[in-house]
There are 2 protein chains.
Amino acid sequence: MTTQKEVTIYDIAEALDLSPATVSRGLKDHPAIRKDTRKRIVEKARELGYQHNSFASNLRRNKTNTIGVIVPRLNSYFMSTVIAGMEKVANAGGYNLIISQSMESVDKEVANVKTLFNSRVDGFLVSLAYDTEDLSHFDMVLDKNIPLIFFDRVFEHPKCISIVIDNFKAAYEVTTHLISQGCKRIVHISANLKRNVYTDRLRGYKAALLDHNIPYDEKLVFFNNLSDQAGIEVSEAILKMEQRPDGIFSSNDACAVSCIRQLKLAGLKVPTDIAVAGFNNDPLSKVIEPNLTTVNYPGQEMGELAASTLIRRLDRLEGANLNTMVLRHDLIVRESSLKKG
Amino acid sequence: MTTQKEVTIYDIAEALDLSPATVSRGLKDHPAIRKDTRKRIVEKARELGYQHNSFASNLRRNKTNTIGVIVPRLNSYFMSTVIAGMEKVANAGGYNLIISQSMESVDKEVANVKTLFNSRVDGFLVSLAYDTEDLSHFDMVLDKNIPLIFFDRVFEHPKCISIVIDNFKAAYEVTTHLISQGCKRIVHISANLKRNVYTDRLRGYKAALLDHNIPYDEKLVFFNNLSDQAGIEVSEAILKMEQRPDGIFSSNDACAVSCIRQLKLAGLKVPTDIAVAGFNNDPLSKVIEPNLTTVNYPGQEMGELAASTLIRRLDRLEGANLNTMVLRHDLIVRESSLKKG
DNA sequence: CTGTTAGCGCTTTCAT
DNA sequence: ATGAAAGCGCTAACAG
């Protein structure tokens with residue numbers, strides 16, 4: 001069955017009349033090994049079909065070369081580009097990724113932290129669930145000084161690095177842009193305010209209104225899970241309003257696209273009657289008609305930066321000791337979604 | 001630093017004046033342990049902040065409770081739903097997922113197999129890269145009887161289970177559908193024929209043509225990587241054809257959508273001038289106008305089935321011993337993409 | 001440059 | 001129901 005006697009460094013050592021220690025060294029690039037010895041070792045290893053046993057090594061070194069990743073959900077374009085970026089960097093640096101989803105629930109997040117902790121991952125890359133209130137479930141991790149890096153949905157903590165974009169500024173830009181197109185009553189679709197990304201975007205939205213002397217009206221702000229369904233519901237609410245909004249700024253593209261479709265079904269013209277902007281630069285935004293003005297969220301780079309920062313720390317190469325690293329975003333203006341060409 | 005003396009079962013044993021063996025048993029649900037002894041053990045463990053050390057356990061049991069996943073790319077909607085499904089099932093079954101991308105290259109795929117093999121994953125879930133020619137890089141895996149399951153992009157092998165949909169039938173249905181809408185010259189966009197999914201779909205396409213007395217014209221079949229860019233190029237080729245095609249069947253939605261956009265830009269009416277159908281039921285297909293007729297590819301279920309089949313095998317629960325498992329697909333007809341309402 | 005030695009923390013016979 | 005003991009395969013002092 002699965003186990004038919006492993007070939008170990010002892011077998012190689014015996015065959016070559018060497019000590020296991022020498023073999024162990026020869027198999028890596030230990031400087032203190034004669035070239036030809038190393039060569040004999042490597043050859044014999046191949047001949048016997050030797051395969052390095054990571055977990056014996058792990059046990060001994062107390063290191064797994066594994067990174068634990070916890071994300072709310074895997075199945076969004078944004079998140080899969082993040083993961084793709086992480087995987088690329090991790091792989092190049094000799095690390096594996098163990099990925100788990102919290103499904104937007106703290107309970108699952110807590111369970112995932114425990115599992116990964118027990119698996120002795122060397123470090124954590126985490127984007128928080130909607131309803132996570134505090135970081136107490138990470139205490140065991142932080143107490144052992146296991147590096148923990150947050151990305152996207154972050155939480156301030158003296159021991160942790162956060163990797164984000166400037167959500168405030170991005171939201172400010174989007175809102176300002178809508179205003180510059182003539183919008184006066186702008187709906188904002190937001191989500192759980194426990195999460196920085198949504199509070200920051202809401203703040204940016206408010207700041208832009210303020211700076212342009214547009215009163216803030218809380219009836220224009222919706223809180224939901226930014227799903228397609230949520231977009232439909234918001235649209236219906238909008239259609240029922242006595243005084244119709246003329247702009248929408250959604251915290252993600254999926255929900256924005258859903259709004260556009262629903263509003264068009266109801267006979268509204270986008271952007272003439274109502275302009276719409278999203279967030280994330282999801283491929284959807286280029287396909288919906290009219291194309292969606294949105295914010296380019298550099299997912300791949302965020303994944304790469306998160307992973308490389310973590311690995312630098314793990315490998316004690318240190319580097320940036322900032323507490324918060326901010327990636328550049330871009331406002332992507334797609335003319336067709338604007339009120340005035 | 002990262003290591004400040006682990007709390008081990010020895011510490012618990014000592015504190016309770018028991019043997020480590022008893023503690024080890026007490027921590028699981030070994031039957032031969034008195035209830036109150038177990039309770040004392042569990043309490044003391046919590047008190048001391050004990051955490052199970054998976055890799056010592058792994059080393060001993062020669063099992064990691066880890067599943068290695070290799071996919072061509074992570075950043076497609078289809079693949080992320082597959083992974084989401086796998087993660088869900090794996091997590092519920094006490095397994096972790098280590099995920100790696102081959103980036104559509106054999107070389108990377110070979111390297112990934114080695115790494116995962118060395119990490120002693122208990123089993124493999126694999127979807128092959130474009131240019132993988134044979135399974136020799138899996139020899140070490142198969143020789144050790146480590147379970148290997150292919151999904152989506154599969155390869156026949158007596159020791160392996162394949163999980164697929166009926167690509168032939170799906171393609172036949174799509175093509176027949178286009179024909180029923182009056183299409184007579186149907187372009188097919190395909191990819192590397194080393195992969196079952198593309199050969200099967202091409203076969204389905206040909207069979208449908210044959211059954212409807214439409215001659216097969218190889219100039220109408222394009223091979224590329226199904227990207228946005230590929231869609232643009234195909235569209236340009238189509239526009240240059242002396243006798244213009246009136247239908248397109250693309251092997252994925254991204255490329256189909258790209259074609260629609262490009263053809264519309266060139267002034268063609270979709271579907272009046274040319275009807276388009278895709279594959280995968282990507283969210284894009286519901287957003288493009290006209291909506292795209294496509295094939296629902298049940299990614300989440302495929303991920304769940306792959307993972308649960310593997311885990312059943314790993315846990316020796318066996319179950320289905322089929323060599324190939326075929327999931328149900330659905331043709332999704334979106335009226336607006338058809339020639340005649 | 002190579003060898004000796006002593007574990008890493010856990011599980012599992014085999015005893016009792 | 002519990003304990004003793006051996007060892008999974010590797011690595012890192014330390015010694016030479």
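Proteins come first, then strands; the chains are lettered A, B, ... in the order of their sequence lines, and each starts at number 1.
- Residue A:Lys28 places at least one side-chain N or O under 4.0 Å from the OP1 or OP2 atom of D:dT11.
- Taking 4.5 Å as the limit, every side-chain heavy atom of A:His157 sits out of range of all side-chain heavy atoms of A:Phe138.
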Check nucleotides 14-16 of chain C for protein N or O atoms closer than 3.5 Å to its own N or O atoms and list the pairs.
none

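- Heavy-atom distances under 4.0 Å link DNA chain C to B:Thr8, B:Ile9, B:Tyr10 of residues 8-17 of chain B, given in residue order.
- One can place CD of B:Gln51 at 14 Å from P of C:dG9, the figure rounded to the nearest angstrom.
- Remark: P of D:dC8 and CG of A:Asn58 are 18 Å apart, rounded to the nearest angstrom.
- Distance, B:Asn62 CG to C:dT12 P: 11 Å, rounded to whole Å.
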Name every donor-acceptor pair, under 3.5 Å, that has one atom in a side chain of residues 72-80 of chain B and the other anywhere in the protein, sequence neighbours excluded.
{"residue": "B:Ser76", "atom": "OG", "partner": "B:Met79", "partner atom": "N", "Å": "3.1"}
{"residue": "B:Ser80", "atom": "OG", "partner": "B:Ser76", "partner atom": "O", "Å": "3.0"}
{"residue": "B:Ser80", "atom": "OG", "partner": "B:Tyr77", "partner atom": "O", "Å": "3.1"}

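- When each of B:Thr22 and B:Arg120 is assigned the nucleotide of DNA chain D bearing its nearest heavy atom, the one mapping closer to the 5' terminus is B:Thr22.
- In this structure, A:Arg61 atom CZ and D:dC10 atom P are separated by 12 Å, rounded to whole Å.
- Contact annotation: A:Ser24 does not reach the phosphate of D:dC10 (side-chain N/O to OP1 or OP2, under 4.0 Å).
- For B:His30 and C:dT12, the NE2 to P distance is 9 Å, given to the nearest whole Å.
- Atom CZ in B:Phe55 sits about 13 Å away from atom C1' in D:dT11, given to the nearest Å.
- Residues forming a salt bridge (charged side-chain N to carboxylate O under 4.0 Å, His left out) with A:Arg153 (at least two apart in sequence, or on another chain): A:Glu104.
- Every residue meeting the side chain to side chain contact (heavy atoms under 4.5 Å, CB included) condition with A:Val164, not counting sequence neighbours, appears here in chain and number order: A:Val154, A:Asn196, A:Thr324, A:Val326.
- For D:dT2, the OP1/OP2 oxygens have no side-chain nitrogen or oxygen of B:Ser19 closer than 4.0 Å.
- Residues satisfying the salt bridge (charged side-chain N to carboxylate O under 4.0 Å, His left out) test with B:Arg195, not counting sequence neighbours, are none.
- Although no hydrogens or angles enter the test, the distance criterion places no donor-acceptor pair under 3.5 Å between the side chain of B:Lys44 and the main chain of B:Leu16.
- Partners of A:Asp36 by salt bridge (charged side-chain N to carboxylate O under 4.0 Å, His left out), not counting sequence neighbours, listed by chain and number: A:Arg34.
- In this structure, A:Arg60 places its CZ atom 6 Å from C1' of C:dC8, rounding to the nearest Å.
- Qualifying salt bridge (charged side-chain N to carboxylate O under 4.0 Å, His left out) partners for A:Glu14, counting only residues two or more places apart in sequence or in other chains: none.
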Let me check something: any side-chain donor-acceptor pairs from residues 87-96 of chain A under 3.5 Å, sequence neighbours excluded? List them with distances.
{"residue": "A:Glu87", "atom": "OE1", "partner": "B:Gln101", "partner atom": "NE2", "Å": "3.3"}
{"residue": "A:Glu87", "atom": "OE2", "partner": "A:Asn91", "partner atom": "ND2", "Å": "2.9"}
{"residue": "A:Glu87", "atom": "OE2", "partner": "B:Gln101", "partner atom": "N", "Å": "3.3"}
{"residue": "A:Lys88", "atom": "NZ", "partner": "A:Glu304", "partner atom": "OE2", "Å": "3.3"}
{"residue": "A:Tyr95", "atom": "OH", "partner": "A:Lys63", "partner atom": "NZ", "Å": "2.8"}
{"residue": "A:Tyr95", "atom": "OH", "partner": "A:Asp315", "partner atom": "OD1", "Å": "2.6"}
{"residue": "A:Asn96", "atom": "ND2", "partner": "B:Ser119", "partner atom": "OG", "Å": "3.1"}

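- What separates CG of B:Leu59 from C1' of C:dT12 is a distance of 13 Å, to the nearest Å.
- Contact annotation: the side chain of A:Ser136 approaches that of A:Asp139 to within less than 4.5 Å [non-hydrogen atoms, C-beta and beyond].
- Residues of residues 31-42 of chain A having a heavy atom closer than 4.0 Å to DNA chain D: none are found.
- Taking the side chain to side chain contact (heavy atoms under 4.5 Å, CB included) definition, one finds that A:Lys28 meets it with A:Ser24, sequence neighbours left out.
- With sequence neighbours left out, the side-chain hydrogen bond (donor to acceptor under 3.5 Å, both in side chains) criterion links A:His52 to no other residue.
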